[in-house]
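Below is one structure, written out as structure tokens, with a few remarks after it.
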Amino acid sequence: SQVQNTELKAPKVSKNIPTVAEMTQGEVIVFAAAAVETMGNDGLFVLLEGREQTVNYVRTPFRFILELSDPSLIGKRRAAQRLMADALEKVPDQASEPEILAALDAGLVKMVQEIH
């Protein structure tokens, strides 16, 4: 998607995700659980990834949880994705390092302004 690392990661979207999830999460879980069960019954091994609170509703004897040593890494990764996507829109394909750094700095200023 052209907006997966820009508009979809912006605060105006991310702050509304809990509201949307609250309204749709049950349907998604029921669908995913049924799909996993169907594929499992067909002899396939299925790896379902998601937040622990969500995948806990999928019945399976096989479960493991990946945990980050530093939970702030999720936010840092999201910020880096947004900065990169914003800079890619602003610099030419053969941009110099100073042009790239200037685009990253401008993107960071814009991100900080969004939260203030």
Minimum-distance pair of heavy atoms, taken over all atoms of [X] and [Y]:
{"X": "A87", "Y": "L104", "answer": "CB-CD2, 3.8 Å"}
{"X": "L48", "Y": "V36", "answer": "CD2-CG2, 4.3 Å"}
{"X": "V91", "Y": "A103", "answer": "CG1-CB, 3.6 Å"}

If you draw a 6.0 Å radius around CD in E37, do more than 12 non-hydrogen atoms from other residues or ligands fall strictly inside?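 Atom CD in E37 is not packed in, count stays at 12 or less.
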Do other residues, nucleotides or ligands put more than 12 heavy atoms under 6.0 Å from K110 NZ?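 Incorrect, the count does not exceed 12.
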Report the distance from atom [atom1] of [X] to atom [atom2] of [Y], rounding to the nearest 0.5 Å.
{"X": "L73", "Y": "R78", "atom1": "CG", "atom2": "CZ", "answer": "13.0 Å"}
{"X": "D105", "Y": "I100", "atom1": "CG", "atom2": "CD1", "answer": "12.0 Å"}
{"X": "Y57", "Y": "Q25", "atom1": "OH", "atom2": "CD", "answer": "8.0 Å"}
{"X": "Q94", "Y": "E99", "atom1": "CD", "atom2": "CD", "answer": "10.5 Å"}

Do E27 and T24 have side-chain N/O donor and acceptor atoms under 3.5 Å apart?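 No donor-acceptor contact under 3.5 Å links the two side chains.
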Just by modelled atom types, is the S72 backbone N or O under 3.5 Å from a matching donor or acceptor in the D70 side chain?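 Confirmed, D70 side chain pairs with S72 backbone.
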Does a side-chain N-to-carboxylate-O contact under 4.0 Å join D86 and R82?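 R82 and D86: not salt-bridged.
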Do the non-hydrogen side-chain atoms of M111 and I115 ever get within less than 4.5 Å of each other?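 Sidechains of I115 and M111: no contact.
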Should I29 and V46 be counted in the same cluster of Ile, Leu, Val, Met, Phe, Trp and Tyr side chains packed under 4.5 Å apart?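 I29 does not cluster with V46.
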